[in-house]
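Accompanying notes for the structure given below.
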Amino acid sequence: MPWFTKLGFVFQFPCCTEKDQIMLHSTLALPLLLIAVSSNLAMAIKKEKRAPQTLSRGWGDEITWVQTYEEGLYQAKKSNKPLMVIHHLEDCQYCQALKKAFAENEEVQEMAQNNFVMLNLMHETTDKNLSPDGQYVPRIMFIDPSLTVRADITGRYSNRLYAYEPQDIPFLIQNMKKALRLIQTEL
């Protein structure tokens, strides 16, 4: 008995010999097999997580990041969203700890992705407004769409006004919400 009748393919072609029928069934089965394999492959590819965006540097791969401060200012004005600037260094243990907490917090990630223009810098900018109390890291500052550095949105520390630590994520969330409220009340 041919293999295709064992699998449930019972097509009989009266004009063909058994050998021709086996050949015909094999020819018909091959495209079906290819379709099944390609659809499974397509589903597997869709399930793969998006490749990390190099500009995220681990702060959140689902967030769209701008590349430069100037681009951030342009996008903030154009989109009427605040710009959030994260100053950090790759070899700083405090930066790494804050990055991990930032990337793992769903509320921070959602707000950053939907309500802010995001920039993370591993070097200082020439704009001295972004380092009013020194050039330390990690440091997070907000710039509103009118391109005003929000010196009034600070962290918890009096000696490093714009510093945040991993345990300060709830405070950072409050400041992100404050930056969004100020757009509605002041602009």
Side-chain angles (χ1 to χ4, degrees), residues 48-187:
E48 275 185 28
K49 203 164 183 177
R50 193 171 96 179
Q53 188 185 127
T54 56
L55 292 176
S56 78
R57 298 183 182 100
W59 290 88
D61 292 335
E62 299 301 317
I63 298 170
T64 300
W65 296 88
V66 294
Q67 192 166 357
T68 64
Y69 180 56
E70 292 72 19
E71 180 186 358
L73 294 174
Y74 173 79
Q75 289 297 330
K77 189 169 184 78
K78 179 180 167 188
S79 66
N80 200 38
K81 293 180 180 179
L83 170 62
M84 183 173 170
V85 181
I86 303 170
H87 295 270
H88 65 101
L89 295 173
E90 201 59 41
D91 58 351
C92 166
Q93 67 181 4
Y94 305 105
C95 298
Q96 294 301 318
L98 180 61
K99 179 193 302 188
K100 184 177 185 313
F102 187 99
E104 291 175 354
N105 187 287
E106 289 182 24
E107 188 174 4
V108 168
Q109 291 293 301
E110 189 273 328
M111 280 198 299
Q113 185 175 4
N114 297 319
N115 305 109
F116 288 84
V117 174
M118 297 295 297
L119 171 65
N120 69 67
L121 292 175
M122 294 191 339
H123 57 82
E124 287 299 328
T125 68
T126 56
D127 188 337
K128 294 302 176 196
N129 291 317
L130 290 178
S131 54
D133 64 336
Q135 295 185 342
Y136 52 87
V137 291
R139 177 170 89 248
I140 299 177
M141 300 192 69
F142 297 91
I143 295 93
D144 68 28
S146 72
L147 308 185
T148 302
V149 175
R150 297 309 308 220
D152 55 336
I153 303 177
T154 61
R156 299 181 334 147
Y157 308 101
S158 60
N159 62 334
R160 297 170 292 131
L161 293 176
Y162 307 99
Y164 293 86
E165 295 181 1
Q167 65 270 17
D168 298 331
I169 291 294
F171 196 75
L172 176 61
I173 291 170
Q174 288 176 4
N175 279 345
M176 291 172 81
K177 290 177 180 177
K178 182 178 180 181
L180 293 171
R181 275 194 312 275
L182 289 172
I183 290 174
Q184 294 172 349
T185 59
E186 292 186 7
L187 300 180

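Worth saying up front: this structure is predicted, and the values here are computed from it rather than measured.
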Can you list the steps and then say if Leu98 with Ile86 is a side chain to side chain contact (heavy atoms under 4.5 Å, CB included)?
CA-CA 10 Å; Leu98 180 61; Ile86 303 170; 5.5 Å; no
Run Leu55 and Gln67 through side chain to side chain contact (heavy atoms under 4.5 Å, CB included) and show every step you take.
CA-CA 7 Å; Leu55 292 176; Gln67 192 166 357; 4.0 Å; yes
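- Across all their heavy atoms, Gly72 and Val117 have their closest contact at O-CG1, 3.8 Å.
- For Tyr164, the ring pair (Phe, Tyr, Trp, His ring centres under 6.0 Å) test picks out no residue, with sequence neighbours left out.
- A 6.0 Å sphere centred on OH of Tyr136 holds more than 12 heavy atoms belonging to other residues, nucleotides or ligands.
- Atoms NE2 and CD, from His123 and Gln135 in turn, are 12.0 Å apart once rounded to the nearest 0.5 Å.
- Of all heavy-atom pairs between Ala101 and Ile169, the closest is CB-CG1, 3.8 Å.
- With sequence neighbours left out, Asp133 forms a salt bridge (charged side-chain N to carboxylate O under 4.0 Å, His left out) with no residue at all.
- Contact record, Arg156 with Asp168: NE-OD1, 2.8 Å, taken as the closest heavy-atom pair.
- When all heavy atoms of Gly155 and Phe171 are compared, the closest pair comes out as C-CE2, 3.5 Å.
- In this structure, Lys178 and Arg150 have side chains that are not in contact, with every pair of non-hydrogen atoms separated by 4.5 Å or more.
- Side chain of Tyr162 to main chain of Ala151: a donor-acceptor pair is present (N/O by atom type, distance under 3.5 Å, no hydrogens or angles).
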How far apart are the C-alpha atoms of Ile173 and Asn105, what are their side-chain angles, what is the distance that settles it, and do they pass the side chain to side chain contact (heavy atoms under 4.5 Å, CB included) test?
CA-CA 10 Å; Ile173 291 170; Asn105 187 287; 3.8 Å; yes
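- Atoms CD1 and CG, from Ile140 and Leu172 in turn, are 4.5 Å apart once rounded to the nearest 0.5 Å.
- If you take CH2 on Trp65 and CG on Asn120, they are separated by 4.5 Å, rounding to the nearest 0.5 Å.
- By the salt bridge (charged side-chain N to carboxylate O under 4.0 Å, His left out) test, Arg160 is found to be paired with Glu165, residues two or more places apart in sequence or in another chain being considered.
- Separation of atoms NZ (Lys77) and CG (Asp144) is listed at 9.5 Å; rounding is to 0.5 Å.
- In plain terms, the two heavy atoms of Leu182 and Ile153 that are nearest each other are CD1-CD1, 3.9 Å.
- Checked against salt bridge (charged side-chain N to carboxylate O under 4.0 Å, His left out), Lys100 has the following partners two or more places apart in sequence or in another chain: Glu104.
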Mind running side chain to side chain contact (heavy atoms under 4.5 Å, CB included) on Phe116 and Leu180 for me, showing each step along the way?
CA-CA 9 Å; Phe116 288 84; Leu180 293 171; 3.9 Å; yes
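- Heavy atoms from other residues, nucleotides or ligands lying under 6.0 Å from OH of Tyr69 number more than 12.
- Qualifying salt bridge (charged side-chain N to carboxylate O under 4.0 Å, His left out) partners for Glu107, counting only residues two or more places apart in sequence or in other chains: Lys177.
- Smallest separation of non-hydrogen atoms from Gly60 and Ser56: O-CB, 3.4 Å.
- Proximity of Val149 to Val85: side-chain heavy atoms (C-beta onward) are nowhere separated by under 4.5 Å.
- Between Trp59 and Phe102, the ring planes are perpendicular. Angles over 60° get that label, and only those under 30° would be called parallel.
- Among residues at least two apart or in separate chains, salt bridge (Lys or Arg N to Asp or Glu O under 4.0 Å) pairs with a member in residues 81-91 are Glu90-Lys99.
- The structure places CG of Leu121 at 11.5 Å from CE of Met141, a figure rounded to the nearest 0.5 Å.
- To the nearest 0.5 Å, the span separating CD1 on Ile63 from CD on Gln109 amounts to 4.0 Å.
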